[in-house]
Peer 1: 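Shown below is the structure under consideration.
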There are 2 protein chains.
Amino acid sequence: MNIRYSEKIKELLRESKLSVTDTRTKILELFFKTKGALEHHNFEKLDGATFDRVTVYRTLQTFLDKGIIHKIPSTDTSIHYALCKDCSEDHHDDHHIHFKCQHCDNTLCLEGIAIPAIQLPQGYTADNVEVIVSGLCPNCK
Amino acid sequence: MNIRYSEKIKELLRESKLSVTDTRTKILELFFKTKGALEHHNFEKLDGATFDRVTVYRTLQTFLDKGIIHKIPSTDTSIHYALCKDCSEDHHDDHHIHFKCQHCDNTLCLEGIAIPAIQLPQGYTADNVEVIVSGLCPNCK
DNA sequence: GTAACTGCAAAATATTTGCATCCTT
DNA sequence: AAGGATGCAAATATTTTGCAGTTAC
């Protein structure tokens with residue numbers, strides 16, 4: 001549908017050695033358009049088409065495996081997924097912070113903001129640091 | 001059972017204007033002993049007793065409402081709860097980072113580590129910053 | 001005694017697995 | 001044509017709601 005993403009999506013799927021299917025294309029389109037966190041239920045009705053629950057779960061799992069999307073920690077009862085610009089390239093880079101707006105409830109990936117170094121107590125090893133800031137986004141302020 | 005926490009727990013419940021019941025006492029005992037994140041299923045069988053699912057959920061919700069425990073963001077399919085030392089006092093202080101061990105899978109609250117200030121883009125307002133570090137804990141290192 | 005707490009039944013929501021069929025390559 | 005992707009049925013897991021019975025104060 002969204003012609004402007006069509007080529008980018010095909011390329012991304014081929015790079016990941018995945019076949020180009022309708023479900024995958026439409027799910028990725030939504031990720032590109034949204035630029036933020038999405039949950040499973042956001043995908044069941046897409047562009048008029050209805051996708052099977054199971055297909056959506058399997059598609060998301062495939063994207064996770066291939067490093068196309070990542071999970072975002074949340075306190076909700078459903079898993080939050082997001083694709084970010086850097087992740088669509090050759091390297092998988094999740095090093096960005098997440099921002100959750102308390103008013104519109106959207107979660108965004110904020111690129112280009114340094115993740116602070118955390119000084120852990122003796123004996124701990126850090127492998128990954130997740131930062132989730134909540135507050136008001138520019139639209140809701 | 002655990003005599004050493006018994007008084008502390010009664011006091012905490014009374015401070016929060018909650019009646020002292022068996023379920024609440026045992027759930028709080030586990031929180032005190034664990035000093036880390038717990039999920040719902042950790043509470044169903046406790047000290048030989050079996051608690052009804054619903055009672056556990058309602059107890060946890062009550063504790064959330066009273067500021068005795070808080071949720072920790074996660075990428076799992078179940079909600080993670082934790083009680084921390086500071087929260088059992090008069091003031092409710094969630095300002096600590098969380099550490100998730102990639103080996104033993106435990107989540108701990110690390111007190112006394114400064115939460116870094118995050119420089120947000122223009123237009124965003126920060127209300128709360130959550131930091132979750134993953135890596136190896138001293139036991140699993 | 002009364003308000004609050006608990007337990008059972010049942011529903012709503014979220015996620016996973018097996019298998020037969022269909023589609024991409 | 002072959003292997004991977006999808007869709008249906010069904011199971012499992014998680015969380016919530018209503019109501020009746022029980023308990024703490």
Side-chain angles (χ1 to χ4, degrees), chain A residues 6-7 9-30 37-66 68-81 105 107, chain B residues 6-7 9-30 37-66 68-81 105 107:
Chain A
S6 171
E7 274 315 307
I9 286 170
K10 274 187 201 161
E11 203 187 305
L12 175 55
L13 287 172
R14 286 194 191 117
E15 270 173 17
S16 306
K17 300 195 174 110
L18 296 173
S19 45
V20 178
T21 67
D22 193 47
T23 312
R24 288 174 179 167
T25 305
K26 291 230 169 74
I27 287 181
L28 281 179
E29 248 171 34
L30 184 59
L38 293 167
E39 291 157 75
H40 173 272
H41 69 258
N42 295 128
F43 301 107
E44 284 199 52
K45 278 192 182 172
L46 226 51
D47 252 341
T50 302
F51 295 105
D52 187 74
R53 232 186 260 111
V54 178
T55 303
V56 173
Y57 277 114
R58 279 197 275 233
T59 303
L60 292 171
Q61 186 57 56
T62 302
F63 289 170
L64 283 172
D65 292 343
K66 295 291 184 178
I68 295 174
I69 61 176
H70 60 275
K71 292 185 186 181
I72 300 178
S74 88
T75 54
D76 288 357
T77 58
S78 64
I79 298 176
H80 291 49
Y81 306 87
D105 228 52
T107 299
Chain B
S6 171
E7 274 314 308
I9 286 170
K10 275 187 201 160
E11 202 187 306
L12 176 53
L13 287 172
R14 287 194 191 114
E15 271 173 16
S16 307
K17 299 192 174 116
L18 297 172
S19 44
V20 178
T21 68
D22 192 47
T23 312
R24 287 174 180 167
T25 305
K26 291 230 169 72
I27 287 181
L28 280 179
E29 249 171 35
L30 185 58
L38 292 167
E39 292 158 74
H40 173 271
H41 70 259
N42 295 128
F43 301 107
E44 284 199 51
K45 278 191 183 172
L46 226 49
D47 252 339
T50 303
F51 296 104
D52 188 75
R53 230 185 260 110
V54 178
T55 303
V56 173
Y57 277 114
R58 280 195 275 231
T59 303
L60 292 171
Q61 185 57 54
T62 302
F63 289 170
L64 284 173
D65 292 345
K66 295 292 184 177
I68 295 173
I69 61 175
H70 60 274
K71 292 186 186 181
I72 300 177
S74 88
T75 54
D76 289 357
T77 59
S78 63
I79 298 176
H80 291 48
Y81 305 87
D105 228 53
T107 300

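Just so it is clear, the model here is predicted, and its values are computed rather than measured. Chain identifiers are assigned alphabetically (A, B, ...) following the order of the sequence lines, protein sequences preceding nucleic acid strands; residue numbering begins at 1 within each chain.
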Peer 1: Which of these nucleotides, C/dT25, C/dC5, D/dT6, is closest to any side-chain atom of A/Arg24?
Peer 2: D/dT6
Peer 1: What are the two closest non-hydrogen atoms of A/Val20 and A/Thr25, and how far apart are they?
Peer 2: CG1-OG1, 3.9 Å
Peer 1: For DNA chain D, whose closest nucleotide is more 5', that of A/Arg53 or that of B/His41?
Peer 2: A/Arg53
Peer 1: On DNA chain D, does the nearest nucleotide to A/Asp22 precede the nearest nucleotide to B/Glu44 from the 5' side, or the other way round? Give the residue.
Peer 2: A/Asp22
Peer 1: Can you tell me if A/Lys26 uses its side chain to pair, donor with acceptor, with the backbone of A/Leu46 under 3.5 Å?
Peer 2: no
Peer 1: Output the rounded distance in Å from OH (B/Tyr81) to C1' (D/dT15).
Peer 2: 8 Å
Peer 1: Quick one: label A/Thr55 by what it contacts on the DNA or RNA (base, sugar-phosphate, nothing), any heavy atom closer than 4.0 Å.
Peer 2: base
Peer 1: Given atom CZ of B/Phe43 and atom P of D/dT15, what is their separation to the nearest angstrom?
Peer 2: 11 Å
Peer 1: B/Val20 has a side chain; which of D/dT17, C/dT15, D/dC25 sits nearest to it?
Peer 2: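 Closest nucleotide to the B/Val20 side chain: D/dC25.
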Peer 1: A/Ile9 has an atom CD1; how far is it from atom P of C/dT24, in whole Å?
Peer 2: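 So the two atoms are 16 Å apart, to the nearest Å.
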Peer 1: When the distance from NZ of A/Lys71 to C1' of C/dA14 is rounded to whole Å, what number comes out?
Peer 2: 12 Å
Peer 1: In whole angstrom, give the distance that lies between atom OH of B/Tyr57 and atom P of D/dT14.
Peer 2: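 Nearest whole value for this atom pair: 7 Å.
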Peer 1: Name the nucleic acid region contacted by A/Thr62, choosing base, sugar-phosphate or nothing; use a 4.0 angstrom heavy-atom cut-off, strictly under.
Peer 2: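 No contact.
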Peer 1: From the list D/dT15, C/dC8, C/dT15, which nucleotide is the closest neighbour of the side chain of A/Ile79?
Peer 2: C/dT15
Peer 1: Measure from CG on A/Leu60 to C1' on C/dT16 and round the result to the nearest Å.
Peer 2: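 After rounding, the reported distance stands at 13 Å.
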Peer 1: Can you give each donor-acceptor pair under 3.5 Å made by side-chain atoms of residues 53-61 of chain A, sequence neighbours left out, with the distance rounded to 0.1 Å?
Peer 2:
from    : atom 1 : to      : atom 2 : distance (Å)
A/Thr59 : OG1    : A/Thr55 : O      : 2.7
A/Gln61 : NE2    : A/Asp65 : OD1    : 3.0

Peer 1: Looking at the base of C/dG18, is there any donor atom on it, or on the side chain of A/Arg58, that sits under 3.5 Å from an acceptor on the other one?
Peer 2: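 Answer is yes: a donor-acceptor pair is held.
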Peer 1: I need the minimum non-hydrogen distance between B/Ser19 and B/Arg24, along with the two atoms involved.
Peer 2: O-NH1, 3.0 Å
Peer 1: What nucleotide, of D/dT6, C/dC5, D/dT15, holds the atom closest to the side chain of B/Ser19?
Peer 2: C/dC5
Peer 1: What integer distance in Å separates A/Phe63:CZ from D/dA5:P?
Peer 2: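 Taking atom P of D/dA5 as the reference, CZ of A/Phe63 is at 10 Å.
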Peer 1: Whole angstroms only, please: what is the NE2-P distance between A/His40 and C/dA12?
Peer 2: 19 Å
Peer 1: Start with the C-alpha distance between B/Ile68 and B/Ser16, add both sets of side-chain angles, then the distance that settles side chain to side chain contact (heavy atoms under 4.5 Å, CB included), and finish with yes or no.
Peer 2: CA-CA 8 Å; B/Ile68 295 173; B/Ser16 307; 3.5 Å; yes
Peer 1: By nearest atom, which of the nucleotides D/dA9, C/dT15, C/dT6 is closest to the B/Thr21 side chain?
Peer 2: C/dT6
